[in-house]
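Just so you know, these numbers come straight off a predicted model, no measurement behind them.
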2 protein chains.
Amino acid sequence: MKQKRKRGTNRVTLNDVAHKAGVSPITVSRALNRPEKVTDGLREAILETVRELGYVPDYAARALASRTSNIVGVLSSALGSSLFSPVMKGIEDRMRNSGMRIQYVNASVDPEEEIQQLKQFLAQKPAGLMIGGLQIASRVTEILHEAPCPVVQFIDVSYPAIDMAIGIDNQAACLTAINHLLEKGYRRIGFCSGRLEIPVAKRLEAYKHRMTEEGLYNSDLVLSVTAANPISLGGDILDRLFAVAPDLDAILCCHDDLALGVLFECQRRGISVPQDLGVCGFTDIDCAAYINPSLTTVRLPLYQLGYRSADMILRVQEGRKHIEPVNLGFQLIERDSTRRV
Amino acid sequence: MKQKRKRGTNRVTLNDVAHKAGVSPITVSRALNRPEKVTDGLREAILETVRELGYVPDYAARALASRTSNIVGVLSSALGSSLFSPVMKGIEDRMRNSGMRIQYVNASVDPEEEIQQLKQFLAQKPAGLMIGGLQIASRVTEILHEAPCPVVQFIDVSYPAIDMAIGIDNQAACLTAINHLLEKGYRRIGFCSGRLEIPVAKRLEAYKHRMTEEGLYNSDLVLSVTAANPISLGGDILDRLFAVAPDLDAILCCHDDLALGVLFECQRRGISVPQDLGVCGFTDIDCAAYINPSLTTVRLPLYQLGYRSADMILRVQEGRKHIEPVNLGFQLIERDSTRRV
DNA sequence: TTGTACGCGTTATCAA
DNA sequence: TTGATAACGCGTACAA
C-alpha cells in the first residue's frame with residue numbers, strides 16, 4: 001500500500017475545526033462566510049471551536065478556490081506624499097471590519113513599470129481597486145476596462161470614468177481661487193504647478209480661461225516645476241516669474257508645498273505677503289494654517305476621498321450595480337497670504 | 001461517463017503554456033522559478049511561449065502549493081506620516097526586480113487590533129516582515145518570535161532584536177543634540193515629544209542624564225504632547241514651558257513637526273530664534289532647511305532605513321543565516337535656529 | 001440545512 | 001534533466 005505523503009504545515013485548517021466540531025468542512029466554511037446559511041446553534045458551536053483552535057483562514061487557498069481574494073488595492077504614485085496620509089486614514093476607517101485587506105502599491109512613474117505593476121496586482125484577483133495619479137495611458141485604460149473587479153479612480157470629475165470615479169471639479173476649484181485673487185485686486189497672477197497631471201491640467205485650463213477673459217493671460221506666467229522636494233523650489237519660482245514679469249503680484253500654486261517654498265523665500269527676500277505678493281495654494285496641508293502669513297488655499301477633502309472610495313467598493317460588493325461618479329467639492333480657505341486691504 | 005465540470009477562469013495557466021511549448025507543467029514552473037534546473041534552449045523556448053501567451057502566475061496557487069508567498073509586509077503605525085515617505089522609497093528601490101511584492105499595512109494604535117492585524121498578515125505566509133512603531137507588547141513579541149519568516153524591526157539599536165533589527169542609537173543622537181545646545185550656551189532646555197515610544201524614551205533618558213550631569217535637569221521641562229496635527233501644538237508647548245520656566249532658552253523637539261509649530265509660534269509672538277530661544281528638531285523633514293530661521297535638527301537616514309531593511313530580508317532569502325543588527329547613525333545638521341553668537 | 005465530490009493552479013516528491 | 005502524481009486548503013456545484 002502506498003504511503004500517503006504529508007506536506008502540510010502545522011497550521012490549523014478548516015478540516016481540523018470540522019473534525020473537532022463534528023461537522024463537515026464545508027459547514028465550517030459556511031459558518032464563517034455565510035453565517036445565515038447555518039443553524040444558529042451549530043454556527044455558534046463552530047465559531048467557538050474556531051476560537052478554541054485559533055483557526056485563521058488560509059487566504060491563498062480561499063483565493064484559489066473562490067477565484068477572488070479579499071484584497072483591495074490602492075495604486076497611486078503619490079503614496080509617499082504627505083497628501084496621501086488622510087486618504088489612507090479615510091480608506092482604513094471605512095474598510096475596518098469589512099473583512100477586506102488593503103494593499104497599498106506605490107505606482108512607478110515609469111509607464112511600462114506601472115503597467116507591469118497593475119497586471120501583477122490584477123493577477124491576485126483582487127476584490128477591488130482604487131487607483132490615482134496614474135498616467136492613464138491607453139494601455140492602462142484598456143487593462144482597467146477588463147479588470148475583473150470594481151475599480152475606483154481618483155480623478156477630476158469631468159474625466160470619463162472607466163468604472164467608478166471620485167474627485168473634485170478642478171476647473172471650478174481653480175476658478176474659485178483665481179476669482180478670489182482677482183477680487184483682492186491682484187492682476188499679474190502667476191500659475192505654478194508640478195507635473196502636469198490631469199487635475200493640474202484642468203486647473204490650468206480654468207486659469208487660462210479666466211485670465212484671458214480679463215485680458216490678463218500671459219503664457220510666460222505659467223510654470224511647471226518638479227523636484228524631489230517641492231519646498232526647495234521657492235527661490236526658483238520667484239526668480240523665473242519675476243524675470244518675465246517684474247510687476248507680478250500674486251502666485252497661484254497647485255500644491256501647498258510649492259506655496260510653502262514661495263512663502264519661505266518671500267520671508268527671506270523681504271517680499272511682503274500679502275501686500276506685495278498674494279500667494280494661494282491647493283490642498284490645505286497641516287502647516288498651512290500655522291505658517292506666517294497663514295496660507296490661503298483650496299482645501300481638498302482628502303479624508304473623504306479615501307472614505308467614500310472605500311465605501312464605493314464595498315457597495316458594489318453588496319450587489320449595487322451602478323454607482324454614480326462622486327464630486328467631493330472643495331472649499332476656499334481664506335487666510336493671511338491673500339488678505340490684503 | 002461523468003461530465004467533467006469546468007469552472008476555470010479564462011486566464012492563461014501554467015498548463016496552457018506547457019501544452020503550447022510541448023513540455024510538462026512542472027518544467028514550465030521550473031523554467032520560471034529555478035532557471036538553472038532547465039536546459040538553456042528549452043528554457044528560452046518556454047519563456048518565449050510565456051511572453052507570447054501573456055502568462056502571469058497565479059500567486060494564490062503558488063502560495064498554496066509552496067506554502068510561502070512572495071509578499072513582504074511593512075507594518076507600521078507611521079505609514080501615513082511624512083516621515084515614512086523616504087522609508088518607502090528605500091524599500092522599493094531595493095525590492096524592485098526582486099520578485100517580491102510589498103504590502104504596507106497601517107498598524108492600528110489599538111494593541112488588540114494590532115495583534116489581529118499581525119496574525120492575519122502572518123496567515124499569508126509572507127516572505128518577510130518589516131515592522132516599526134509597534135507597541136511591542138509581550139503578545140506581539142511572542143507572535144513575532146514564532147513568525148515563519150524573517151522579521152526586521154525598526155527600533156533603537158539598544159533594543160533586543162527578535163530576529164533582525166535596524167535603527168539608530170537614540171541616546172547618542174539626543175546626546176549630540178543636547179551637547180550642541182549646551183555648547184551654544186543654552187541652559188534652560190525644554191524637552192518636547194509626542195507619544196513616548198521606544199525611540200523617544202531613549203532620547204528622554206539621554207536628556208535626563210546629560211541635564212542632570214550639568215545640574216540643569218528639571219522634570220517640569222519635559223513635555224509629552226499629542227495631536228492629529230503636531231504643528232498645531234506650537235502655542236501649547238510655548239505656553240506650558242514658559243509657565244514653569246520663564247527663563248527657558250531652548251527647546252529640543254523629538255520631531256521636526258513639533259519644532260515647526262514652535263518656530264511658527266515664535267514668529268507670531270515675536271520671540272527671536274535663535275537669540276532668545278534655541279530650537280532643535282529630529283528627522284530633518286523637507287521644509288527644515290527652508291523655514292526661517294532654518295531648523296537645526298538631527299537628520300535620520302530614513303531612506304537608508306528602508307533600503308537596508310529590505311536588503312536584510314533579501315539576504316536571508318538568499319540563505320544568509322545570522323544578520324547583525326544595523327546601526328544607521330545620524331547627523332546633526334546645524335542651521336540657524338540654534339546659530340547664535 | 002448539511003454533506004459529498006471535485007476542482008482551483010501551482011509546486012513537492014519521487015521515479016525515470 | 002524531465003515527467004507523473006499527489007497534495008496544498010478551501011469553495012462551488014450538486015445531491016440528499
Query - Distance in angstrom units between B:Lys37 NZ and C:dT13 P, rounded - result: 12 Å
**Report entry** A:Thr49 (side chain) donor-acceptor with A:Ala21 (main chain) under 3.5 angstrom
**Finding:** no
Requested in this report: When you get a sec, tell me which of D:dC8, C:dA12, D:dG3 is the closest nucleotide to the side chain of B:Val23?
Outcome: D:dG3
Query raised in the report: Can any side-chain N or O of A:Gln117 pair as donor or acceptor with the backbone N or O of A:Ser108 at less than 3.5 Å?
Result: yes
**Report entry** Gap between atoms CZ and P, on B:Arg11 and C:dC8 respectively (whole Å)
**Finding:** 13 Å
Query raised in the report: Are any side-chain N or O atoms of B:Arg11 and backbone N or O atoms of B:Val56, one a donor and one an acceptor, separated by less than 3.5 Å?
Result: yes
Query raised in the report: Is there a donor-acceptor contact under 3.5 Å linking the side chains of B:Tyr303 and B:Asp93?
Result: yes
Report task. Using a heavy-atom cut-off of under 4.0 Å over every strand shown, decide if A:Leu14 touches base, sugar-phosphate, or nothing. Result -> sugar-phosphate
**Report entry** Nearest-Å distance for atom pair CG/C1', residues A:Leu42 and C:dG3
**Finding:** 12 Å
Report task. Using a cut-off of strictly less than 4.0 Å between a heavy atom of the residue and any atom of DNA chain D, enumerate the qualifying residues of residues 55-62 of chain A by number. Result -> A:Tyr55, A:Pro57, A:Asp58, A:Ala61, A:Arg62
**Report entry** Side-chain donor-acceptor pair present, A:Tyr59, B:Gln120, cut-off under 3.5 Å
**Finding:** yes
Report task. Respond yes when some side-chain nitrogen or oxygen of B:Thr39 is under 4.0 Å from OP1 or OP2 of D:dT2, and no when none is. Result -> yes
Report task. Take atom CG of A:Asn15 and atom P of C:dT4, then tell me their distance rounded to the nearest Å. Result -> 12 Å
**Report entry** CZ on A:Phe84 to CD1 on A:Ile91, rounded to 0.5 Å
**Finding:** 5.0 Å
Report summary line: To the nearest angstrom, the CG-C1' distance between B:Asn70 and C:dT11 comes to 14 Å
Report task. Return the value, rounded to whole Å, for the distance between atom CG of A:Asp40 and atom C1' of C:dT1. Result -> 12 Å
Query raised in the report: Side-chain donor-acceptor pair under 3.5 Å between B:Asn70 and B:Arg62, yes or no?
Result: no
**Report entry** Residue B:Arg43 excluded, over 12 heavy atoms near CZ under 6.0 Å
**Finding:** yes
Report summary line: The correct set of residues in residues 24-34 of chain A placing a heavy atom under 4.0 Å from DNA chain D is A:Ile26, A:Ser29, A:Asn33
Requested in this report: Please check if any side-chain donor atom of B:Gln103 sits under 3.5 Å from a side-chain acceptor atom of A:Arg101, or the reverse.
Outcome: no
Report summary line: Separation of D:dC8 atom C1' from B:Gln124 atom CD, nearest Å, is 16 Å
